[in-house]
Amino acid sequence: MLDAFLARVKPALAPPLEGSPLERLHQSVVRGAAWLHSKDAPVAVRLISDVQADPVLRRLFLERFYLPRRAMNVDLVQQAIAAGELPQDTDADLLIDALTGPLYFRRIIGHAPVSEAFASELASRVLQAFRRPVGL
């Protein structure tokens, strides 16, 4: 099941190629929301839940799906820092969690839709907040 899942979602979650690093990160969040709103989403939610009970499957899921996808977004954050779009002290892990956590939370809990409009607004506000110096 894991191999079939990976083969199906890899093209849908490919990183954007055009725009500034922050624009591509924004697009990546919106694409993720579109995918979480797709017919593949129930399989993903079930898989995320199922791998928690099996350490081997969890490791495979992390290594083959989650961590490579996260690394692509961390790379975009690092590119944004290098381009001066984000402060030098930006915590890439915190930023990625702030951008993606609410999407998965909405999908798994089901209290609100995971729409592209929500994802775009989320990305805009989170990225704006991370551009500001801490304490302001």
Q: Begin with the C-alpha distance, continue with both residues' side-chain angles, and end with the deciding distance and a verdict on side chain to side chain contact (heavy atoms under 4.5 Å, CB included) for M72 and L76.
A: CA-CA 6 Å; M72 286 185 268; L76 288 174; 6.0 Å; no
Q: Of the non-hydrogen atoms in A98 and L122, which two are nearest, and what is the gap between them?
A: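 Scanning both residues completely, I find the closest heavy atoms to be O-CD1, 4.1 Å.
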Q: Heavy atoms, side chains only, cut-off 4.5 Å: are I48 and Y104 in contact?
A: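 A side-chain contact under 4.5 Å exists here.
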Q: Which heavy atom of A119 sits nearest a heavy atom of A33, and at what distance?
A: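 Smallest interatomic distance, heavy atoms only, reads CB-CB, 3.3 Å.
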Q: So, using ring-ring contact (aromatic ring centres under 6.0 Å, His included) as the criterion, who are the partners of F105 when residues are at least two apart?
A: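 By the ring-ring contact (aromatic ring centres under 6.0 Å, His included) rule, F105 matches H111.
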Q: Once side chain to side chain donor-acceptor pair (under 3.5 Å) is applied, do any residues pair with D91, and if so which ones, sequence neighbours excluded?
A: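 By the side chain to side chain donor-acceptor pair (under 3.5 Å) rule, D91 matches no residue at all.
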Q: Taking only residues two or more places apart in sequence, or in another chain, which ones meet D93 in a side chain to side chain donor-acceptor pair (under 3.5 Å)?
A: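 Scan of D93 (side chain to side chain donor-acceptor pair (under 3.5 Å), adjacent residues dropped) gives R70.
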Q: Does E121 have any salt bridge (Lys or Arg N to Asp or Glu O under 4.0 Å) partners at least two apart in sequence or in another chain, and if so, which?
A: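 Testing E121 for salt bridge (Lys or Arg N to Asp or Glu O under 4.0 Å), a comparison that skips the adjacent residues, returns R125.
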Q: Please enumerate all residues that pass side chain to side chain donor-acceptor pair (under 3.5 Å) together with R24, with sequence neighbours excluded.
A: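 If we apply the side chain to side chain donor-acceptor pair (under 3.5 Å) test to R24, skipping adjacent residues, the hits are Q79.
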Q: Are the side chains of L94 and F130 in contact, using a 4.5 Å heavy-atom criterion?
A: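 In contact.
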Q: Ignoring hydrogens and angles, state whether a donor on the side chain of R69 or S28 is under 3.5 Å from an acceptor on the partner side chain.
A: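 Indeed, the side chains of R69 and S28 share at least one donor-acceptor pair under 3.5 Å.
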Q: Check side chain to side chain donor-acceptor pair (under 3.5 Å) between S124 and all other residues, then give those that pass, not counting sequence neighbours.
A: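 Partners of S124 under the side chain to side chain donor-acceptor pair (under 3.5 Å) test: H26.
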Q: Which atom names give the shortest non-hydrogen contact between F118 and P102, and what distance separates them?
A: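 Smallest heavy-atom distance, with atoms named: CZ-CB, 4.1 Å.
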Q: Do V74 and I96 pass the side chain to side chain contact (heavy atoms under 4.5 Å, CB included) test, and can you show the C-alpha distance, the side-chain angles, and the key distance before you say yes or no?
A: CA-CA 7 Å; V74 168; I96 299 305; 4.2 Å; yes
Q: I'd like to check P42 versus R107 (side-chain heavy atoms, cut-off strictly below 4.5 Å). Are they in contact?
A: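 Yes, side chains in contact.
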Q: Decide yes or no on side chain to side chain contact (heavy atoms under 4.5 Å, CB included) for V77 and L22, but give the supporting numbers first.
A: CA-CA 7 Å; V77 172; L22 281 188; over 6 Å; no
Q: Take D54 and R58 through the test side chain to side chain contact (heavy atoms under 4.5 Å, CB included) and record every step on the way to the result.
A: CA-CA 6 Å; D54 185 326; R58 183 174 183 273; over 6 Å; no
Q: Just wondering, do V29 and L127 contact through their side chains at under 4.5 Å, heavy atoms?
A: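 No, every pair of side-chain atoms sits at 4.5 Å or beyond.
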Q: Using a 6.0 Å cut-off, check whether atom CD of E63 has over 12 heavy atoms from anything other than its own residue.
A: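 Atom CD in E63 is packed in, count exceeds 12.
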Q: Look at the side chain of T90 and the backbone N and O of P87, then say whether any donor-acceptor pair between them is shorter than 3.5 Å.
A: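 Yes; judged by distance alone, with no hydrogens or angles, the pair exists.
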Q: Quick one: does L95's side chain get under 4.5 Å of N73's, heavy atoms only?
A: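 Sidechains of N73 and L95: no contact.
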Q: Does V30 belong to the same Ile/Leu/Val/Met/Phe/Trp/Tyr cluster as L103, with side-chain heavy atoms less than 4.5 Å apart forming each link?
A: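 They do not share one cluster, since no chain of ILVMFWY contacts under 4.5 Å joins V30 to L103.
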Q: Nearest 0.5 angstrom please: H37 NE2 to E116 CD, how far?
A: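 Spacing of NE2 (H37) from CD (E116) equals 8.0 Å.
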Q: Would you compute the distance between atom CZ of R46 and atom CD1 of I108 and round it to the nearest 0.5 angstrom?
A: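 Rounded to the nearest 0.5 Å, the CZ-CD1 separation comes out at 13.0 Å.
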